[in-house]
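Please read the structure below before turning to the comments.
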Amino acid sequence: MRRKLAAGNWKMNGTSAALAELKALAEANATAAVDILICPPATLLHRAAEVAGDSAVSVGGQDCHSATSGAHTGDLSVDMLKDAGAESVILGHSERRTDHGEGDAVVLAKAESAIAAGLTAVVCLGESLEQREAGETLDVIGAQLQGSVPDGCTGETLVVAYEPIWAIGTGKVPTLEQIGEVHAFLRGRLVERFGEENGSAVRLLYGGSVKPANASDIFAVEDVDGALVGGASLKAADFAPIIAALSDS
Ligand code: 13P
């Protein structure tokens, strides 16, 4: 069935010294029962890919432009990410949606570009606290899924990460029931849209304050195929128990 995925999003953290954490992670996971992905800042991507080598750790980008080249100062194309060693790219993270005003159409165009280049698109979705409290969570998530995920996706081309905005970096985590409700909803929508085989093969990650202490409980929830981890992915010693919990789940 679906291979589990422990993904780390380093966000805007890490200079050369952080490669030691990746080295430790790669050495501890020459092979692994789950897939492991680290998305470092773009400045480290190439060296990170070299450090990860042929271990079970792969590396990915945190964003890309939808165009393949051109006059887009400061942006990176999917070919550049691939050339640096990326196999995946995180798209539509709430921090990009908020900080850079990225709407679903922009995320969709980026995901299309990434998939066309052979990268796996890790598309992030999630509601705000206001939306959660107003009972709009599934409507918001459904609209984001429809609007920012391309047609024709498979388990190879797409990973979906459910990241409630209010749980990111806050130490607050939804109840296991709330996580289960969203993941079951997402699975249903994916199967509806991509068919039984492809919709069932897409991995669904939970993200938002995943820590060694809560990982096992979260991974026991149906249709949680792994996690997208921020803060606790920066240190190999913190990420290792999360990987172990996923392997045991
Ligand atoms: P934290 O794990 O730091 O809450 O971040 C989650 C996240 O945004 C991963 O993309």
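Every number for a ligand or one of its atoms is a count from 1 in the order of the listing. Here the structure is a predicted model, which is why all the values come from computation and not from measurement.
Under the 4.0 Å criterion applied to side-chain N and carboxylate O atoms, Arg187 and Asp225 are assigned as salt-bridge partners.
Rounding to the nearest 0.5 Å places CG of Leu204 at 5.5 Å from CG of Leu190.
In this view, His65 and His72 satisfy the ring pair (Phe, Tyr, Trp, His ring centres under 6.0 Å) rule, not counting sequence neighbours.
For ligand 1, the 4.0 Å heavy-atom shell contains residues Asn9, Lys11, His93, Glu163, Ala167, Ile168, Gly169, Gly208, Ser209, Leu228, Val229, Gly230, Gly231.
Between the side chain of Thr157 and the backbone N or O of Cys153, no donor-acceptor pair lies under 3.5 Å. A donor-acceptor pair under 3.5 Å links the side-chain atoms of Arg193 to the main chain of Val149, judged by distance alone.
Ring geometry for Tyr162 against His183 counts as perpendicular: the plane angle is over 60°, on a 0 to 90° scale with 30° as the lower cut.
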